[in-house]
2 protein chains.
Amino acid sequence: MTTTALKARKEFGKTLASDIAHRLRNEIVTCQLKPNESLKFDALRLSFGASFTTLREALTLLVSEGLVVAEEQRGYKVAPVTLEDLHDLTHARILIEVDLMRRSIEKGDDDWEIRVISSLHRLARIEERAPEDYASNTEWKAAHRQFHEALVSASGSPTLLAVRNSLFDRAERYRNLSAMFRPHPRDKAGEHRALMQAAIGRNADQACALIASHIQTTSNNVAKYASGVISAG
Amino acid sequence: MTTTALKARKEFGKTLASDIAHRLRNEIVTCQLKPNESLKFDALRLSFGASFTTLREALTLLVSEGLVVAEEQRGYKVAPVTLEDLHDLTHARILIEVDLMRRSIEKGDDDWEIRVISSLHRLARIEERAPEDYASNTEWKAAHRQFHEALVSASGSPTLLAVRNSLFDRAERYRNLSAMFRPHPRDKAGEHRALMQAAIGRNADQACALIASHIQTTSNNVAKYASGVISAG
DNA sequence: ATGAGACATATTTTCGAAAATACTTAAAAT
DNA sequence: ATTTTAAGTATTTTCGAAAATATGTCTCAT
């Protein structure tokens, strides 16, 4: 089907609504849509080429993920970015990620080990190719996400995994914000390798300590470098 | 505004969609809408008196809460009920509730203590009035929910609290299922009082152990009494 | 000058029909 | 007899207009 340029086209999900949600999520996370920016239907309709109804469904979904807030009868806006929210988010992420990590290490099979190793390998390759400023690289971000996802992928806990993924998205927005103001990128390569080795070596305690500290450190850096653009709680 | 009987009317939320979501959630949790039952738009439109679009928004919301599953292009159905899901849910609930409980005890102020004590008092009164079979009592369920909500209400963690509430709803469906097949109701009154005393006494370790065991025991009972109606994982 | 009330405007929320997609039944060919 | 194809039916998904609600502006009385 050869649709016109104006008409919306599905790329990712199967339904248009889920596709719009995906694109909106990306624009919010990368801060193309700024925190607190109000999401007017007319404007969105223009840039996404979908109808009121379809946009509404996508927005409803993003509200439940915490990336959009709805003031009933007064429309939607991009969720604010605050120090309070960052702390809340960081705490929740550490609690859940540590639990998933421990159980993934307990239950992980050969396939899990392969997923962890290969995703780290890909990440390292991208870092080699673009040693400078890889944190703003879209390819690196996808690989980074996949590595962390691989680590917890054997936990066998769909509920917590779904929550984890949602929180990861919310955190990515803060990471991007931090990257915009950080003088030079932090070197996470060492941390990632240590994480992989502890996981594959089935050293659960160490892996959990590492992931907790990894998340906490990232959060601290965000607070440090992006505090200027984060509105007060 | 005096609308006709056929027309949908707002009762709870401000928008019709959130109201429909609320009513649908209730029907699913109480098993008036049975697990795996497919949710056809025409039928729903008839019983709720809302349009396709509004129902769709409500369903999208419930999908993100795990009470409804969407098979894209093939419609929505009530989320299945399985032993696997129950275990997954129980694990997640214990992890999160214990964390919230500990921090609530740390941070709780006078108002928090009052909320805990008064909500337990109300719960006890309802149990006195209707000693038999109170678990199927709507009033008791609301009070029960409020007591548990009060316990963790001082944690100061909006993210985890939102997840907790969603998981509580999912668990309520299993509790109701269990109550339908249980020979005689379990006496939770003692557990609830002990929980209150540990919390108010700022005995965090004991309160956490109690809440974990409370959730786990309930889950075990569900598995015991409702296993007949729970489809295999 | 200031505040209240009413009109006008902007925006969201809801609706039911039209388009798109999947499922079912039946007929035909191998 | 079994599989394939095709047409028809059922259901979901998308659309843009109409209704409902909030916001902003202007007038008028105090």
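Chain letters run A, B, ... following the sequence lines, proteins first and then strands; every chain starts at 1.
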Taking it one step at a time, do A:Thr82 and A:Glu84 satisfy side chain to side chain donor-acceptor pair (under 3.5 Å)? CA-CA 5 Å; A:Thr82 69; A:Glu84 234 178 16; 4.9 Å; no
B:Asn176 vs B:Glu172, test: side chain to side chain donor-acceptor pair (under 3.5 Å). Steps then yes/no. CA-CA 6 Å; B:Asn176 285 330; B:Glu172 184 142 2; 4.6 Å; no
In whole angstroms, how far is the [atom2] atom of [N] from the [atom1] atom of [X]?
{"X": "B:Phe48", "N": "C:dG16", "atom1": "CZ", "atom2": "C1'", "value": "19 Å"}
{"X": "A:Leu16", "N": "C:dT21", "atom1": "CG", "atom2": "P", "value": "11 Å"}
{"X": "B:Phe41", "N": "C:dA20", "atom1": "CZ", "atom2": "C1'", "value": "14 Å"}
{"X": "A:Arg56", "N": "C:dT11", "atom1": "CZ", "atom2": "C1'", "value": "11 Å"}
{"X": "A:Asp19", "N": "D:dT13", "atom1": "CG", "atom2": "C1'", "value": "14 Å"}
{"X": "B:Glu57", "N": "C:dC15", "atom1": "CD", "atom2": "P", "value": "11 Å"}
{"X": "B:Arg45", "N": "C:dG16", "atom1": "CZ", "atom2": "P", "value": "7 Å"}
{"X": "B:Asp42", "N": "D:dT9", "atom1": "CG", "atom2": "P", "value": "16 Å"}

Under 4.0 Å, counting only non-hydrogen atoms across every strand here, what does [X] touch: a base, just sugar-phosphate, or nothing?
{"X": "A:Thr53", "result": "base"}
{"X": "A:Leu59", "result": "nothing"}
{"X": "B:Leu55", "result": "nothing"}

Close N/O contacts between protein and nucleotides 22-25 of chain D (under 3.5 Å):
residue, atom, partner, partner atom, Å
D:dT23, OP1, A:Arg74, NE, 3.1
D:dT23, OP1, A:Arg74, NH1, 2.9

Looking only at side-chain atoms of [X], point me to the closest of [options].
{"X": "B:Ser51", "options": "C:dC15, D:dT13, D:dG16", "value": "C:dC15"}
{"X": "A:Thr54", "options": "D:dT12, D:dT14, D:dT13", "value": "D:dT14"}
{"X": "B:Ala17", "options": "C:dC15, C:dT14, D:dT12", "value": "C:dT14"}

What class does the angle between the rings of B:His144 and B:His148 fall in, given that below 30° is parallel, 30 to 60° is tilted and above 60° is perpendicular? perpendicular
Do NZ/NE/NH1/NH2 and the carboxylate oxygens of [X] and [Y] come within less than 4.0 Å?
{"X": "A:Asp111", "Y": "A:Arg115", "answer": "no"}
{"X": "B:Asp169", "Y": "B:Arg145", "answer": "yes"}
{"X": "A:Arg56", "Y": "B:Glu57", "answer": "yes"}
{"X": "A:Arg170", "Y": "A:Glu65", "answer": "no"}

